[in-house]
Amino acid sequence: MPSEDHTAEHPTHVNSFTAADVLAILHERQWLSADPTVEQLAWCERAAALLGHHVTDLVGLADLLQLVFAYDAAQILQSSDSHAVLTRYAARDVVRQLALLLLDSRPFDSDRFKDTVTHLKETLQIRGRDLFHPLRLALAGRAGEGQLDRVILLLDDAAGLPFAVPVKSVRTRILEFCSSLD
């Protein structure tokens, strides 16, 4: 039985991806147009480590990286999948509480993610997909499983780097998401 806690999930595949694979995707998609900086290379290494266990091919890796570099809350909220998530029990409460927690501009790292999830569980008394799907939808742009948590963990670091396409931080994403809700 899969765990409801994002921190307890175990990777499902052997990671055969490296920073070079991430870098190739960034160049191919024109998210990086110049030679990478040391910081960008470190980010690529982290992206490969976080995402590589959750995909079986480069297409899957590119799909997850797309979530880092392309985020449009208004477009996300137009999908029927998004409506289905937001009509579930307490989904809008999760988004509202998440927004309040993310007003603080501290970087959204693994520890802050864990603290945020713990706070939401305790405050709202919900768990599992009722908690994680709205959170993932608001921050990653798609509801789904734990690989989206890894995408979220890459956002703030990427937002601070000079990619060809600016990456929106978790704070920017939640503000955009809330302003796009009807």
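Fair warning: this is a prediction, and the values are worked out from it, not measured in the lab.
- Listed here is the closest heavy atom pair of Ala62 and Arg29: CB-NH2, 3.3 Å.
- Using a 4.5 Å cut-off on side-chain heavy atoms (C-beta onward), Pro162 and Glu39 make no contact.
- Between Phe108 and Ile152 there is a side-chain heavy-atom pair separated by less than 4.5 Å.
- Asp104 meets the salt bridge (Lys or Arg N to Asp or Glu O under 4.0 Å) test with Arg106; sequence neighbours excluded.
- Across Leu26 and Cys44, no two heavy atoms sit closer than the pair CD1-SG, 3.5 Å.
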Passes side chain to side chain contact (heavy atoms under 4.5 Å, CB included), Leu124 versus Asp130? Steps please. CA-CA 10 Å; Leu124 300 173; Asp130 288 337; over 6 Å; no
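- Contact check on Arg142 versus Asp63 returns a salt bridge, with a Lys/Arg side-chain nitrogen under 4.0 Å from an Asp/Glu carboxylate oxygen.
- The closest side-chain heavy-atom distance from Leu120 to Thr116 is below 4.5 Å.
- Taking both residues in full, the closest heavy atoms of Leu32 and Pro36 are given as CD2-CB, 3.9 Å, listed atom of the first, atom of the second, then distance.
- For Phe163, the ring pair (Phe, Tyr, Trp, His ring centres under 6.0 Å) partners two or more places apart in sequence, or in a different chain, are Trp43, Phe69.
- In this structure, Leu148 and Ala143 approach most closely via the heavy-atom pair CD1-C, 3.6 Å.
- Taking 4.5 Å as the limit, every side-chain heavy atom of Val167 sits out of range of all side-chain heavy atoms of Leu161.
- Residues Asp109 and Asp156 are not in side-chain contact: their nearest non-hydrogen atoms beyond the backbone lie 4.5 Å or more apart.
- Taken from CD in Gln125 to CZ in Arg127, the straight-line distance is 6.5 Å, to the nearest 0.5 Å.
- With values rounded to the nearest 0.5 angstrom, Phe17 atom CZ is found 7.5 Å from Ile25 atom CD1.
- Checking side-chain atoms of Ser33 against main-chain N and O of Gln30 turns up no donor-acceptor pair under 3.5 Å.
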Report, one line per pair, each donor and acceptor closer than 3.5 Å where one atom sits in a side chain of residues 89-103; sequence neighbours left out.
unit_1: Asp93; atom_1: OD1; unit_2: Arg96; atom_2: NH2; d: 2.5

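- Between the CG atom in Leu23 and the CD atom in Glu45 there is a gap of 11.0 Å [rounded to 0.5 Å].
- Atom CG of Leu50 is separated from atom CG of Leu154 by 5.0 Å, given to the nearest 0.5 angstrom.
- To the nearest 0.5 Å, the span separating NE2 on His133 from OG on Ser82 amounts to 12.0 Å.
- Legend: residues meeting side chain to side chain donor-acceptor pair (under 3.5 Å) with Arg46, ordered by chain and number and at least two apart, are Asp157.
- Between Tyr71 and Ile76 the shortest side-chain heavy-atom distance falls below 4.5 Å.
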Derivation and outcome, side chain to side chain contact (heavy atoms under 4.5 Å, CB included), residues Leu51 and Gln147: CA-CA 7 Å; Leu51 303 176; Gln147 71 273 22; 5.6 Å; no
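- Side-chain N or O atoms of Arg173 include one that pairs as donor or acceptor with a backbone N or O of Lys168 at under 3.5 Å.
- For Pro134 against Leu131, the heavy-atom pair with the smallest separation is CD-O, 3.4 Å.
- Looking only at side-chain heavy atoms (C-beta outward), Arg129 and Arg88 come within less than 4.5 Å of each other.
- Residues Leu137 and Asp81 fail the side-chain proximity criterion, which asks for heavy atoms closer than 4.5 Å.
- Taking CG of Leu61 as the reference point, atom CG of Asn15 lies at 8.5 Å (rounded to 0.5 Å).
- Residues passing the salt bridge (Lys or Arg N to Asp or Glu O under 4.0 Å) test with Asp72, sequence neighbours excluded: none.
- Phe177 pairs by the ring pair (Phe, Tyr, Trp, His ring centres under 6.0 Å) definition with nothing, not counting sequence neighbours.
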